[in-house]
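Lettering of chains follows the sequences in order, A, B, ..., and the numbering in each one begins at 1. FYI, side chains are in, hydrogens and waters are out, and symmetry mates aren't considered; it's all heavy atoms of this structure.
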Amino acid sequence: MAILPILQFEEKIVEIVEKNPVVVIIGETGSGKSTQLSQILHRRGYTKSRCIAITQPRRVAAVSVSRRVAQELGVRLGEEVGYAIRFEDRTSEKTIIKYLTDGVLLRESLSDPELRQYSVIILDEAHERSLNTDILLGLMKRLIKLRQSNLKVLITSATLDGEKVSRFFSNCPILNVPGKLYPVEIQHIPETPKSYVEASLKAAIDIHVREPEGDVLIFMTGQDDIEKLVSRLEERIQNLEEGSCMDAVILPLHGSLPPELQIRVFSPPSPNCRRFIVATNIAETSLTVDGVVYVIDSGFVKQRQYNPSTGMYSLDVVQISKVQANQRAGRAGRTRPGKCYRLYPSMVYHDIFLDATVPEIQRSSLAGSVLYLKSLDLPDIDILNFDFLDPPSSESLEDALKQLYIIDAIDEDGSITNLGRTMAELPLEPSLSRTLLEANECGCLSQALTVAAMLSAETSLLLGQSKSNDKKRKQVPSNLPNGSGWGDHIQLLQIYELWHQTDYNIDWCKENNLKVRGMMFVKDVRKQLSQIMQKMAKGSLDVKISKRWKEGPDYRALRKALCSGYANQLAERMIRHNGFRTFGFKSQLVQVHPSSVLTADEDGMLPNYVVYHELIVTTRPYMRNVCAIEMQWVRPILAKLDNMNVSKLSGGTNQSNEKIQVATVDLPKDADIAKPSIDDTDSRILAARERFLARKINK
DNA sequence: GAGCACTGC
C-alpha cells in the first residue's frame with residue numbers, strides 16, 4: 001500500500017502541535033488526514049490520560065472513518081477506537097480515539113462545557129462550515145484559553161479558507177499537507193450560457209464523441225434539471241451513429257432518489273461503456289463515485305436561505321464558491337488525470353465567485369443555536385458579541401432573541417429561563433421543544449412527541465414524485481388520514497398512529513407511499529425524545545400511544561400546546577378571504593401552502609387563526625404545515641408581543657430602563673366570540689398590532 | 001393550487 005502523504009509530515013505535525021494550542025491543517029483530498037492525524041497523535045502519547053475527538057459533519061463519515069482506523073490499529077471497533085452519532089454510541093471505557101458528528105460533540109459540551117475527557121479535538125472538514133462546526137469553532141477559541149496547558153485543537157480546512165481560520169485563532173500556524181489527487185485540466189467556456197442544461201448536454205456529447213474512456217460526472221442544481229438532462233442525453237446518444245462511439249449509461253443521482261437507485265452508481269460499469277452521472281451537489285462531498293475522469297460543472301447550486309427581516313426561508317439557485325468549484329473539479333482526478341469543464345468564463349470564477357460558500361450560520365434561523373449558547377452559561381459571553389468566525393448579522397441574532405422570548409425560553413432581560421434550559425436539552429427546534437413541555441402540562445405529551453418526531457423527518461416521508469412520473473402514474477386516491485380538517489400537524493399525528501396500529505409494518509408504509517427509512521427515523525426520534533423527557537422529569541411520563549381513540553375529535557389539548565410552542569409563528573386570516581397575515585414584528589402577507597390538508601368551512605373560509613411550522617417563499621410566500629388554533633389562545637401572546645423590548649433582550653448595553661408603555665391589548669372576551677362581529681374583532685386585533693408595528697424599537 | 005439542494009442533534 002502506498003504511503004499516505006500525511007505520514008511524511010509526522011515529525012513536523014507533532015512538533016507544531018507541541019508548540020501551539022491550535023493548528024490549521026490544509027489537507028487536500030487523499031492526504032489521509034481524517035484517518036492519520038488521530039493515529040499520529042495517539043502514537044505520540046496524546047491518549048495517555050485523555051482521548052482524542054475527531055468531528056465529522058456527516059454520520060456515515062464518522063462510522064466509516066472510525067472503522068478504518070480500528071482496522072489499521074488492529075482493534076475492535078467500539079473499544080480503543082469508536083464512534084458516536086445520534087442513536088448510536090459505539091464507544092466504551094477503553095475508547096481513546098473517538099469519531100463523532102459535530103452535533104454530538106455540541107451535545108456533549110452541554111453536560112461538560114470544558115470537554116475534559118479530551119486531550120485533542122480535531123474539527124475535520126471545517127471548511128464545509130456547517131452550523132455546528134461554526135459554533136464549535138467559537139467554543140474552541142474560548143476553551144483553549146481555559147485549558148491552554150492540556151488541550152490541543154486541530155482544524156482542517158481548504159486552501160482558500162485556511163488564512164482566515166488562522167487569523168481567527170490569533171494567527172496560529174497553518175500546515176499544508178498535499179493530497180493524492182491527479183492533475184485535473186480545467187477548461188472554462190468563453191460566454192455564460194443561456195441554459196446550463198443545454199450547455200451541459202453539449203459538453204457531455206463532446207466528451208462522449210471525442211474523449212477516451214472514463215465516466216462523466218455532471219453537477220446540476222436539482223431533480224428537475226437532472227431529469228431534463230437525463231432524457232435529453234438519452235435521446236441524443238441514441239441518435240448517434242451506431243458504432244461511432246462506445247456504449248453509454250445515464251444515471252441520475254440526487255437525494256430524493258430511492259436508495260436502491262442511488263446505489264447504482266457504485267456498481268462497476270461494464271467494459272466499453274461510459275457512464276454519465278447527472279447529480280446534485282450530493283456528489284460533491286457526501287457520495288464519491290469511482291471511475292470519474294470528466295466533470296461538467298454548471299457553476300450553480302440550490303441553497304436554502306433564511307431572511308431574518310421577514311422570517312422566511314427560500315430555496316434559491318445561487319452561484320457556487322471557488323472552494324466548491326475546486327471540490328467539484330477534484331472529483332475528476334481521483335483515479336487518474338482528469339478534465340473539468342466549467343460552464344462559465346474564467347473571469348466569472350475569478351471575479352464573481354466568492355472564495356468560500358456563505359456559511360450556514362449566516363443562512364439559518366438562529367433560535368436554536370442562541371438558546372443552546374445561552375444554556376451553556378458561559379460567564380463571559382454575551383450572545384450578540386459571541387466570537388464567531390463569520391458573525392451572523394445582528395438582525396439575525398435579534399430575530400432569534402425575539403423568537404425565544406415569545407416562547408418563554410428567555411425572560412425580558414434576555415436571560416435564559418428554567419423552561420429555556422429544559423428546552424435546550426431536547427434535540428429539536430425551540431418551537432417544538434416548547435410544544436413538548438406545554439403538552440406535558442396539558443396531558444397530550446404522547447401526541448406531541450409524535451408530531452415533533454414526524455416534523456423532524458417531514459421532508460423525507462412522502463415518496464419522491466417527479467413531474468415525469470406524475471404524468472405516467474394514475475393519481476391513486478390516498479387512504480391516509482387528512483388531519484380531520486385541523487391541519488398538517490394533526491395529519492402527521494394520525495399517520496403515525498395508524499402506522500403504530502399496524503405494529504410498524506413496512507409494507508403498510510409502501511402501500512401508502514411513505515418512505516420506510518423516513519418512518520423508521522421518526523420512530524427513533526420519538527423514542528429518543530421520550531427518553532429525554534422521562535429523564536428530565538425524573539419519573540415516568542405518559543408517552544405511550546393510546547390505541548383507543550380516546551380524545552375528542554378536536555385535538556384541543558394538542559393544538560393548544562402547539563399554539564404555545566409556535567407563539568412566534570402565528571397568523572390571522574384576513575377579513576373575507578383566505579389570505580393570512582403573520583403576527584410579530586414583521587407582519588407578512590402569506591397563504592396556506594396548497595399541499596396543506598387544512599380545510600375550509602362550508603362558506604369556503606379557512607380558520608381565523610393558525611400556527612405554521614415555516615414560511616417558505618417559492619412562487620409566493622407560503623406557510624408550510626399549519627394547524628388551526630382558537631382565538632382566545634392568541635390573546636396572551638399578543639400581549640407579550642406588545643411588551644417586548646429588544647434592547648433589553650439583547651443584553652441591553654445601552655439600557656435606558658425605560659419600558660415603553662402601551663395600552664394593554666384589548667381583545668374581546670370569550671363571550672364575544674360566540675356571536676362575533678368578526679370585522680370588529682379583526683379590526684381590534686389589527687389595531688393592536690398596528691400600534692405595535694408602528695413603534696420603532698431600535699438598539 | 002405547488003414542487004424540495006444537502007446535512008444534523
In whole angstrom, give the distance that lies between atom [atom1] of [X] and atom [atom2] of [N].
{"X": "A:Y372", "N": "B:dG8", "atom1": "OH", "atom2": "C1'", "answer": "13 Å"}
{"X": "A:L376", "N": "B:dC9", "atom1": "CG", "atom2": "P", "answer": "18 Å"}
{"X": "A:N625", "N": "B:dA2", "atom1": "CG", "atom2": "P", "answer": "17 Å"}
{"X": "A:Q223", "N": "B:dA2", "atom1": "CD", "atom2": "P", "answer": "19 Å"}
{"X": "A:L426", "N": "B:dG8", "atom1": "CG", "atom2": "C1'", "answer": "16 Å"}
{"X": "A:I226", "N": "B:dC6", "atom1": "CD1", "atom2": "C1'", "answer": "12 Å"}
{"X": "A:I135", "N": "B:dT7", "atom1": "CD1", "atom2": "P", "answer": "20 Å"}
{"X": "A:H254", "N": "B:dT7", "atom1": "NE2", "atom2": "P", "answer": "13 Å"}

Mind checking [X] for me? I need base, sugar-phosphate or nothing, with any heavy atom below 4.0 Å counting as a touch.
{"X": "A:T285", "result": "nothing"}
{"X": "A:R624", "result": "base"}
{"X": "A:I282", "result": "sugar-phosphate"}
{"X": "A:R304", "result": "base"}
{"X": "A:V104", "result": "sugar-phosphate"}
{"X": "A:Y622", "result": "sugar-phosphate"}
{"X": "A:L131", "result": "nothing"}
{"X": "A:S130", "result": "nothing"}

Legend entry - A:S595 or A:I85, whichever maps to the more 5' nucleotide of DNA chain B: A:S595
Using the side-chain heavy atoms of [X], tell me which of these nucleotides is nearest: [options].
{"X": "A:K302", "options": "B:dC4, B:dG8, B:dC6", "value": "B:dC4"}
{"X": "A:T280", "options": "B:dG8, B:dA5, B:dA2", "value": "B:dA5"}
{"X": "A:S286", "options": "B:dT7, B:dA2, B:dG8", "value": "B:dT7"}
{"X": "A:L315", "options": "B:dG1, B:dA5, B:dC9", "value": "B:dA5"}
{"X": "A:T619", "options": "B:dC9, B:dC6, B:dA2", "value": "B:dA2"}

Inset, instruction - Check whether any side-chain N or O of A:T101 sits under 4.0 Å from OP1 or OP2 of B:dC9, and answer yes or no. - result: yes
Legend entry - Any A:R620 side-chain nitrogen or oxygen under 4.0 Å from OP1 or OP2 of B:dG1: no
Inset, instruction - Name all residues meeting the side chain to side chain contact (heavy atoms under 4.5 Å, CB included) criterion together with A:S157; count only those two or more places apart in sequence or in a different chain, and write none if there are none. - result: A:V24, A:H127, A:D161, A:V165
Test of ring centre spacing under 6.0 Å for [X] and [Y]:
{"X": "A:F353", "Y": "A:Y344", "answer": "yes"}
{"X": "A:F300", "Y": "A:Y196", "answer": "yes"}
{"X": "A:H489", "Y": "A:Y612", "answer": "no"}

Inset, instruction - Decide salt bridge (Lys or Arg N to Asp or Glu O under 4.0 Å) for A:R304 and A:E614; before the verdict, give the C-alpha distance in whole Å, the side-chain angles of both, and the deciding distance to 0.1 Å. - result: CA-CA 13 Å; A:R304 191 176 146 97; A:E614 70 173 4; 2.7 Å; yes
Inset, instruction - Show your reasoning for whether salt bridge (Lys or Arg N to Asp or Glu O under 4.0 Å) applies to A:R116 and A:E108. - result: CA-CA 10 Å; A:R116 289 268 162 199; A:E108 285 187 358; over 6 Å; no
